[in-house]
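Please read all numbers here as calculations on a predicted model, not as lab measurements. Just so it is clear, the values below take in all heavy atoms, side chains as well, and ignore hydrogens, waters and symmetry mates.
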Amino acid sequence: MSGLNLGLLVALIVVLLLVFFYPAVRRLKLTKPASQREENVRLYRRRVAELEAQDVPESQRAALQLELDRELLASDREAAGYEAVSGKPLRYSGALVAILLAVIFILFLYQRWGAGSEVRATELLELSTRGALAAEEYTELERVLEQATLRQPENLEWVFLHGRLLEAERRYGEAALVYAGLLDRLPEDRTQDRAAIMTSLVQAQFFSNGRRADEGMYATLKQAIELVPDERKSLGLAGIMAYELGYYRESIEHWRRVWEQLPADSMEARTIANGITRAASELQAQGETVDVRFLIPPRIAVEVSLSHEAKASVPDTAFVFVIARQPEGPPLPLAVQRLLVSHLPYTVVLDNTTAMAEGMNLGSVDEVTVTARVSLTGQPTAQPGDWQGSVSGVRTRGAEAVSVMIDQEIIDQAIKP
């Protein structure tokens, strides 16, 4: 149900409650407490005592006593009337019946305005995620989603789900029309959603067009990538579009960005790597050179050892940090491993799994400087009294194991040979 319809229902319920319950609340406010009779009797006795204490003729005393008796009887009847009002629940039976009828009417409106379709669609979608939809339920899901989108065109989520369902049924042309209409209505500031819908639109158009790409599809995908640069689905589809259009170098770049986000031993990574290799072969056939060495997983084996001087100066329990940094880049390491002095000599492996931050790893550069440092403070940052050794110009891919000897002491932030 849309926010407007739901608001109308809430307002209707509030009005009904006010109409039916306000008189009852008002009557309850006027009702005297149940102890009114006791209060009347107490006042009567006090006034009788006051009368008896007065020095008045007997005839006058009798008249005054009769008047007090009459007042007591009158007040007693009044209290009984109030109690009768508060003790008759049948007075509210008509209001309760009216409220019940109003609730039934509200539920009818709720269903008529489309909430029934939403609830049923939600149930069927949950079943579909478990693969438990029968053929007739799948047909029903399509029907209720279509009803939801027609009744509530402002509910963009239902429109998107309708497009996804059409895609699943391979009705790609209809799905593309749904996505295009949704994109026209989607606010510009919803960049994540716009990028996703652009990608779905191009995918539907691509299959509807017999798996043939065109410049318009590719341009839409590039807009999606500008909005969300690292979305794997957009990048992968852009690689396909660029390849089909003969833009092999662009396809390699798109696929590379996907490949770098994947585990090296995954099936998807191998599939992307095969596509990159095919695009590189097309470029080489045209006489162009292309470097695809990035497909070799980044890996550096580092043999770490201590000089005699360093070994005599540091405790066995001190930490050893093995760090790879970009020579002229930011100070944040691209890869880090930690061990103890007592482990040395030892060979550690630096790769993308030892990165400290996403996107800042060995795979993003070709060469690094490898430093092994004994830290007396337990921190990787160099401090006076630490010992270290470094090797520069280490290739991140295809390089043989490198040896790093820790043989230099750090004094006042400077290295003492």
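Although no hydrogens or angles enter the test, the distance criterion places a donor-acceptor pair under 3.5 Å between the side chain of Q261 and the main chain of D230. Looking at S251, its side chain does come within 3.5 Å of a backbone N or O of Y248 through a donor-acceptor pair. In this structure, Q192 contributes its side chain and V228 its backbone to no donor-acceptor pair below 3.5 Å. Side-chain atoms of W255 come within 3.5 Å of backbone atoms of G236 as a donor-acceptor pair (strictly under, hydrogens ignored). S234 places no side-chain N or O within 3.5 Å of a backbone atom of A224 that could act as its donor or acceptor partner. Of the possible donor and acceptor atoms, none in the side chain of S305 sits under 3.5 Å from a partner among the backbone N and O of P345. Checking side-chain atoms of S208 against main-chain N and O of A204 turns up no donor-acceptor pair under 3.5 Å. For D193 (side chain) and L186 (main-chain N/O), no donor-acceptor pair under 3.5 Å exists by modelled atom type. Remark: side-chain polar atoms of R194 are paired, donor with acceptor, to backbone N or O of L183 under 3.5 angstrom.
Side-chain contact of E167 with Y179: a donor-acceptor pair under 3.5 Å is present, judged by distance alone. For the residue pair T354/Q337, the side-chain donor-acceptor check at 3.5 Å is not satisfied. When only modelled atom types and interatomic distance are considered, E250 and Y218 share a side-chain donor-acceptor pair under 3.5 Å.
Looking at V258, V290, T271, V292 one by one, the single match for side chain to side chain contact (heavy atoms under 4.5 Å, CB included) with I276 turns out to be V292.
Figure legend: cation-pi geometry between R373 and F321 absent, as NZ or CZ is not positioned both under 6.0 Å from the six-membered ring centre and within 45° of its axis.
Salt bridge annotation for R256-E260: present, with a cationic side-chain nitrogen under 4.0 angstrom from a carboxylate oxygen.
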